[in-house]
Amino acid sequence: MLNIVIFGAPGSGKGTQSELIIKKYGLCHISTGEILREEIKDQTNLGLISKEYISQGHLVPDQLVMEKFTEILDKTSGVKGYIFDGFPRTIFQAQALDALLLERKTPVVATFSLSVEEKELIRRLLKRGTEAGRNDDNPETIKKRLEIYKERTEPIKEYYRKKGKLFKIEGNGSVEDVFEGITDAIDRLVY
Ligand code: B4P
């Protein structure tokens, strides 16, 4: 199975590139950001709690994310592989993901880390804030999200690098150029 983690700072293009990857390779897309936004929309318990964290630029607690993630993973079967988008976001989640996939005998094959300059990340997120109205895309929350990314999420790169599974992708270019970088890497892995 082709299990891929798409990794990067907020605004690095994880969601954007995931949409293109699933179209080309027919993988099952699991985005914890999208799942949590759905929960918020449906006003579930998880949604009500998540809303507080997300609106302040904080991560939703690991335990809650893992419970929901496991439930979603258990509902899928017979897929060619997964694209994990914006997940894992902490070392705890990365270890929990490995344990879940070990049970299923289908490990993460590659982690694509999108590297984008901070100025460009902020520009993209502010643009989305005005166009799509996501309420975590405002200057104050973006600053917090970037701080938390550096503190809690970035160490995951080292976790996958040590396992020989980290592939760095230049993420500053156009959507098409970044996608070409990712597809070249996937095709080298698969063929
Ligand atoms: P996410 O939904 O994962 O939010 P994100 O990191 O901002 O999105 P993404 O990176 O996918 O957006 P993209 O660059 O594609 O998470 C939201 C929140 O949920 C988190 O802050 C956290 O609180 C919580 N959460 C989610 N998962 C969690 C977890 N596992 N544990 C705990 N908490 C969790 O798009 C950004 C913009 O850039 C778009 O407008 C896009 O059009 C544009 N863009 C993309 N690529 C571009 C390019 N190459 N050139 C120009 N513009 C581009």
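We count ligands from 1, going down the list as the structure has it; atoms in each ligand are counted the same way. Note that these values count all heavy atoms, side chains included, but never hydrogens, waters or copies made by symmetry.
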Notebook entry, point to check: Tell me, which protein residue and heavy-atom name are nearest atom 26 (C) of ligand 1, and how many Å apart are they?
Noted result: Arg89 NH1, 3.3 Å
Check: N/O of Gly15 under 3.5 Å from N/O of ligand 1, yes or no?
Finding: yes
Notebook entry, point to check: So, Ser55 versus Asn135: side-chain donor-acceptor pair below 3.5 Å or not?
Noted result: no
Check: Do Asp137 and ligand 1 have an N or O pair less than 3.5 Å apart?
Finding: no
Check: So, Asp137 and Arg128, do they make that salt bridge, N to O below 4.0 Å?
Finding: yes
Margin query: Taking the basic N atoms (NZ, or NE/NH1/NH2) and the acidic carboxylate oxygens, is any pair closer than 4.0 Å for Arg89 and Asp62?
Written below: no
Item checked: Atoms of ligand 1 close to Arg145 [distance to a heavy atom under 4.0 angstrom, numbered from 1] -> 5 (P), 7 (O), 21 (O)
Next item on the list: Within a distance under 4.0 Å of any heavy atom of Gly86, pick out the atoms of ligand 1 and give their elements.
Entry: 27 (N), 30 (N)
Note to self: Looking only at protein heavy atoms, which one is nearest to atom 46 (N) of ligand 1, and what is the separation?
What the structure shows: Arg124 NH1, 3.6 Å
Note to self: Could you identify the single nearest non-hydrogen protein atom to atom 39 (C) of ligand 1 and state the distance to 0.1 Å?
What the structure shows: Arg128 CD, 3.8 Å
Check: Rounded to the nearest 0.5 Å, how far does CD1 of Ile182 lie from CG of Leu20?
Finding: 8.0 Å
Check: Going by the order shown, which atoms of ligand 1 are within less than 4.0 Å of some heavy atom of Gln93?
Finding: 29 (C), 30 (N), 31 (N), 32 (C)
Notebook entry, point to check: Below 3.5 angstrom, do we get any N/O pair linking Thr16 and ligand 1?
Noted result: yes
Checklist line | Full working for ring pair (Phe, Tyr, Trp, His ring centres under 6.0 Å) between Phe69 and Phe84 | finding: CA-CA 10 Å; Phe69 176 84; Phe84 301 117; 5.6 Å; yes
Notebook entry, point to check: Salt bridge check: are Glu147 and Lys143 linked by an N-O gap of less than 4.0 Å?
Noted result: yes
Notebook entry, point to check: Can you list the atoms of ligand 1 that are under 4.0 Å from a heavy atom of Ser174?
Noted result: 49 (N)
Next item on the list: Could you check atom 25 (N) of ligand 1 against the protein and tell me its nearest heavy-atom contact, residue, atom and distance included?
Entry: Leu36 CD1, 3.6 Å
Checklist line | Asp136 CG to Ile142 CD1 distance, which is reported to the nearest 0.5 Å | finding: 8.0 Å
Next item on the list: Compute the shortest N/O to N/O distance between Gly173 and ligand 1 and return yes if it is under 3.5 Å, no if not.
Entry: yes
Checklist line | Interfacing atoms of ligand 1 (cut-off 4.0 Å, heavy-atom, Ile54) | finding: 19 (O), 23 (O), 24 (C)
Check: Does an N or O from Val60, backbone or side chain, lie closer than 3.5 Å to an N or O of ligand 1?
Finding: yes
Item checked: Lys/Arg N to Asp/Glu carboxylate O, Arg37 vs Glu34, below 4.0 Å -> no
Margin query: Within the supplied structure, the quantity of interest is the number of heavy atoms (other residues, nucleotides, ligands) at a distance under 6.0 Å from Tyr53 OH; does it exceed 12?
Written below: no
Note to self: Return the closest protein heavy atom for atom 27 (N) of ligand 1 as residue, atom name and distance.
What the structure shows: Thr32 OG1, 2.8 Å
Notebook entry, point to check: Any N or O on Arg134 sitting closer than 3.5 Å to an N or O of ligand 1?
Noted result: yes
Next item on the list: Using distance alone, decide if ligand 1 has a nitrogen or oxygen within less than 3.5 Å of any nitrogen or oxygen in Glu34.
Entry: no
Check: When rounded to the nearest 0.5 angstrom, what distance separates CZ in Phe87 from CE in Met66?
Finding: 4.0 Å
Check: Does an N or O anywhere in Arg37 fall below 3.5 Å from an N or O of ligand 1?
Finding: yes
Next item on the list: Have a look at ligand 1 and work out which part of Gln17, if any, has a heavy atom under 4.0 Å from it: side chain, backbone, both or neither.
Entry: neither
Check: Can you find an N or O of Gly13 that's nearer than 3.5 Å to an N or O of ligand 1?
Finding: yes
Item checked: Per-atom contacts of ligand 1 with Phe87, taking only distances under 4.0 Å to non-hydrogen atoms -> 30 (N)
Next item on the list: Kindly state each residue pair satisfying salt bridge (Lys or Arg N to Asp or Glu O under 4.0 Å) with at least one member in residues 174-190, sequence neighbours excluded.
Entry: none
Notebook entry, point to check: So which protein heavy atom does atom 23 (O) of ligand 1 come closest to, and at what separation?
Noted result: His58 O, 2.8 Å
Check: Is Glu120 in polar range of ligand 1, meaning some N or O pair under 3.5 Å apart?
Finding: no
Item checked: Top protein contact for atom 6 (O) of ligand 1, by heavy-atom distance -> Lys14 NZ, 2.7 Å
Check: Which residue pairs pass the salt bridge (Lys or Arg N to Asp or Glu O under 4.0 Å) test with at least one member in residues 111-123, sequence neighbours excluded?
Finding: Glu118-Lys150, Glu120-Arg123, Glu120-Arg124
Item checked: Glu71 with Lys75: basic N within carboxylate O range, under 4.0 Å -> yes
